[in-house]
Q: 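Let me give you the structure first, and then I'll get to my questions.
Naming convention: chains lettered A, B, ... in sequence-line order (proteins, then strands); numbering from 1 in each chain.
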Number of protein chains: 2
Amino acid sequence: MKKMSIKEVASALQISTATVSYILNGKAKEKRISPELTKKVTAFIEENNFRPNHLAKSLRTGKTNVIGLIVEDIADPFFASVAGHIENVAYENGYKIIYSSTKNDPKKAKELIDTFRDRNVDGYIITPTEGIDNEIKYLIDSKLPVVLFDRNCNDLDISYVGMNNFESSYQAAKYLISQDYKNIAFVTLDSVQPQMIDRLLGYERAIYENRLTSFVKKVEYRAAKEHLIMAEIENMLKTEPQIDAIFFATNYLAITGIELLNRMGVKIGEELGMMVFDDNDLFRIHQPSISAIAQPIQEMSQQLINDLLEHMQDTNEYTNRTTVLPAHLIIRDSSSKMRKNA
Amino acid sequence: MKKMSIKEVASALQISTATVSYILNGKAKEKRISPELTKKVTAFIEENNFRPNHLAKSLRTGKTNVIGLIVEDIADPFFASVAGHIENVAYENGYKIIYSSTKNDPKKAKELIDTFRDRNVDGYIITPTEGIDNEIKYLIDSKLPVVLFDRNCNDLDISYVGMNNFESSYQAAKYLISQDYKNIAFVTLDSVQPQMIDRLLGYERAIYENRLTSFVKKVEYRAAKEHLIMAEIENMLKTEPQIDAIFFATNYLAITGIELLNRMGVKIGEELGMMVFDDNDLFRIHQPSISAIAQPIQEMSQQLINDLLEHMQDTNEYTNRTTVLPAHLIIRDSSSKMRKNA
DNA sequence: ATTGATAGCTTAATCCTTTAAGCTAAGTGA
DNA sequence: TCACTTAGCTTAAAGGATTAAGCTATCAAT
């Protein structure tokens with residue numbers, strides 16, 4: 001059973017395809033199609049369950065009603081959650097989402113942007129990798145709606161939604177200090193990503209302001225190499241036994257770290273304070289529970305998709321905006337003064 | 001800078017669009033285009049960075065190279081992980097993925113299938129909701145490649161990939177029994193989804209085989225209603241104090257349950273054995289660590305996308321297959337005899 | 001010289017919509 | 001009666017590819 005075309009609808013009703021098209025697109029009045037005919041056509045379409053061919057429509061109009069979502073890794077709960085939120089709003093507005101993961105590989109990121117261009121997506125949501133500014137600039141120059149997310153490209157005039165990494169990190173570190181921790185280590189990725197650098201700087205500012213010593217451990221993250229990370233952290237703790245708290249710059253570093261500490265028999269909270277960037281069920285449920293900086297996922301997603309929709313609606317009037325949302329500092333047991341009782 | 005069309009390529013080189021098209025599609029030899037001309041055209045295309053319009057191509061050929069992925073919730077780590085695996089393989093084969101979440105709402109699921117049809121996706125991966133058999137049957141009847149996932153529709157002749165819920169549940173319950181737990185409660189959703197029923201039946205079989213008493217608690221899951229679930233579980237534990245182990249039928253039920261038990265001060269592992277369907281970082285790291293049945297995500301995803309690709313490659317030769325993969329029973333501290341020392 | 005085959009292309013229909021421009025009949029005003 | 005409007009459509013080009021069928025020149029064989 002082949003799909004019906006607008007042509008068949010037209011010939012069945014002995015009218016032209018233009019008329020059908022106008023009616024389909026709600027331009028009946030504007031094009032002065034009589035209400036009677038409009039009703040007749042609508043009824044026929046309903047009855048025969050006719051659905052216009054989206055491809056032909058897109059070819060003609062240049063609009064696909066598809067949003068391209070390029071994230072670091074769709075399997076990461078953070079990005080998956082964003083994908084979920086975005087989807088809700090997008091679907092309400094008639095947009096579908098096509099996703100892909102860069103795995104933080106600039107080459108793959110470039111390919112993805114190219115592919116999405118080829119596919120004529122109407123708008124882009126991108127977590128940029130390093131060295132991808134040119135591709136993004138190219139999109140902007142082509143007047144294509146783009147919103148960056150999670151990481152900014154400082155040199156571009158473009159919409160961006162993210163959180164205040166520097167400030168949150170600074171506040172979190174300050175909180176640890178207020179709890180009388182004196183030697184706070186910062187475990188982060190060996191990365192030049194702006195958000196990672198901001199997190200580090202926020203920590204360092206709090207440390208310097210309080211005339212404390214900074215202990216920064218940069219580890220290289222590679223899938224399935226957790227034991228290497230553990231070794232590095234263990235080594236740091238042994239070399240610098242004065243460390244009394246650890247601030248993890250990411251979720252998965254913390255998970256690896258917690259596993260190590262459990263294995264080492266170090267009592268989190270009592271012997272070692274802890275703070276983590278990016279919350280997780282695990283941190284809430286762990287005993288003792290672990291303090292975290294929760295990204296405002298819901299708010300960011302909402303802003304993201306709103307910006308993009310607005311941009312897609314009127315490409316000319318839209319002006320870029322940078323939205324930096326505050327994170328939620330969630331204080332739990334791992335960073336309380338509990339350890340003093342030890 | 002408008003995008004170049006095949007027409008412009010042709011006229012620039014003073015040849016016909018057909019020639020260009022044949023060369024683009026690797027049919028140069030077959031169509032006896034001379035190697036010189038082929039080279040010339042390839043060079044021109046390369047130089048001017050010409051990329052054919054995918055929409056036009058799709059309109060003509062009827063192929064979009066897009067796979068529709070319909071899951072319960074893309075934000076759920078399980079489905080997100082599947083999405084990640086599928087993406088890898090799909091992209092290698094030139095397919096893009098468009099996703100959406102049913103939220104287990106049959107009405108939404110139907111709409112999604114319709115929308116994907118409208119968009120001419122080449123193949124479908126679906127976690128069906130209840131009452132959606134007709135829509136899926138319609139897809140099959142239209143010779144569209146579909147692979148079901150996670151939950152089967154028993155009445156349809158269709159490819160399916162899932163795990164052995166009954167067997168895994170049975171084995172897990174048997175393991176608990178072997179550890180001398182005598183009163184094992186099963187906490188599950190009040191759902192008629194086949195995989196949930198299988199999990200329950202697996203548990204019950206192990207219970208009956210060992211002449212034990214079954215304690216089944218069915219709770220209604222609704223977002224942000226965790227406290228209701230907690231109340232129900234707490235009530236059960238108070239009414240039936242003889243319960244010495246809990247088997248949670250899903251990940252998030254267990255997370256809620258653990259939170260409650262921590263709050264109640266019940267010592268997991270020592271006072272109460274525990275087993276969970278569907279693994280999670282949390283269960284590995286929790287102290288004591290919590291036993292779980294890990295879904296074979298990687299294997300399922302691989303099978304899923306392979307089946308679908310094969311089906312899409314030759315719709316006629318392909319025959320449906322049902323793949324039921326074994327789960328991984330991961331024994332951790334929460335279900336060892338440790339409690340006997342208490 | 002004629003036929004046939006083959007290499008090496010081209011022509012033009014087709015996929016299905018959208019939409020600017022045009023056409024016809026009826027009604028209005030002078 | 002004639003010129004103009006207006007209502008209510010229709011015509012046909014365009015969007016950018018694919019592909020069956022056809023065309024021409026060359027060369028070999030008879």
Q: Nearest of D:dT19, D:dA17, C:dT19 to any side-chain atom of B:S5?
A: D:dA17
Q: Could you check how far NZ of B:K29 sits from C1' of C:dA7, rounded to whole Å?
A: 15 Å
Q: Looking at B:R119 and A:V66, what are the two nearest heavy atoms and their distance?
A: NH1-CG2, 3.3 Å
Q: One character per nucleotide, please: for nucleotides 8-14 of chain C, 5' to 3', B when the base has a protein heavy atom closer than 4.0 Å, S when only the sugar-phosphate does, - otherwise.
A: BBBBBBB
Q: Rounded to whole angstrom units, what separation is found between the CD1 atom of B:I6 and the P atom of D:dG16?
A: 11 Å
Q: Tell me, what's DNA chain C's dot-bracket, Watson-Crick or G-U with both distances under 3.5 Å, | for other-strand, [ ] crossing?
A: ||||||||||||||||||||||||||||||
Q: Given atom CG of A:L24 and atom P of C:dT19, what is their separation to the nearest angstrom?
A: 12 Å
Q: If we ignore hydrogens and angles and just use 3.5 Å, is the side chain of B:S159 paired with the main-chain N or O of B:R321 as donor and acceptor?
A: yes
Q: Just how far, in rounded Å, is C1' of D:dT18 from CG of A:L55?
A: 14 Å
Q: So, using side chain to side chain contact (heavy atoms under 4.5 Å, CB included) as the criterion, who are the partners of A:Q302 when residues are at least two apart?
A: A:V89, A:Q298, A:N306
Q: Provide the closest heavy-atom pair for A:I74 versus B:A83 in the form atom of the first, atom of the second, distance.
A: CG2-C, 4.1 Å
Q: Below 4.0 angstrom from OP1 or OP2 of D:dT18, is there any side-chain N or O of B:K57?
A: yes
Q: Do you know which two heavy atoms are closest between A:M163 and A:Q295, and how far apart they sit?
A: SD-OE1, 3.2 Å
Q: Check the distance between D:dG8's C1' and A:E30's CD and give it to me in whole angstrom.
A: 14 Å
Q: Looking at every non-hydrogen atom in both residues, tell me the closest pair between B:S16 and B:A10 and how far apart they are.
A: C-CB, 3.7 Å
Q: On the nucleotide C:dT18, are OP1 or OP2 found under 4.0 Å from the side-chain N or O atoms that A:N25 carries?
A: yes
Q: Over how many whole Å does the gap from A:F50 atom CZ to C:dC16 atom P extend?
A: 10 Å
Q: In whole Å, I'd like the distance from the NZ atom of B:K3 to the C1' atom of D:dA17.
A: 12 Å
Q: How about NZ on B:K137, more than 12 heavy atoms from neighbouring residues, nucleotides or ligands closer than 6.0 Å, or not?
A: no
Q: Can we say A:D114 and A:K110 salt-bridge, meaning some charged N sits less than 4.0 Å from an Asp/Glu carboxylate O?
A: no
Q: Rounded to the nearest angstrom, tell me the gap between atom CZ in A:R117 and atom P in D:dG16.
A: 14 Å
Q: Restricting to non-hydrogen atoms, name the atom on A:N320 and the atom on A:Y318 that form the minimum distance, rounded to 0.1 Å.
A: OD1-CE2, 3.5 Å
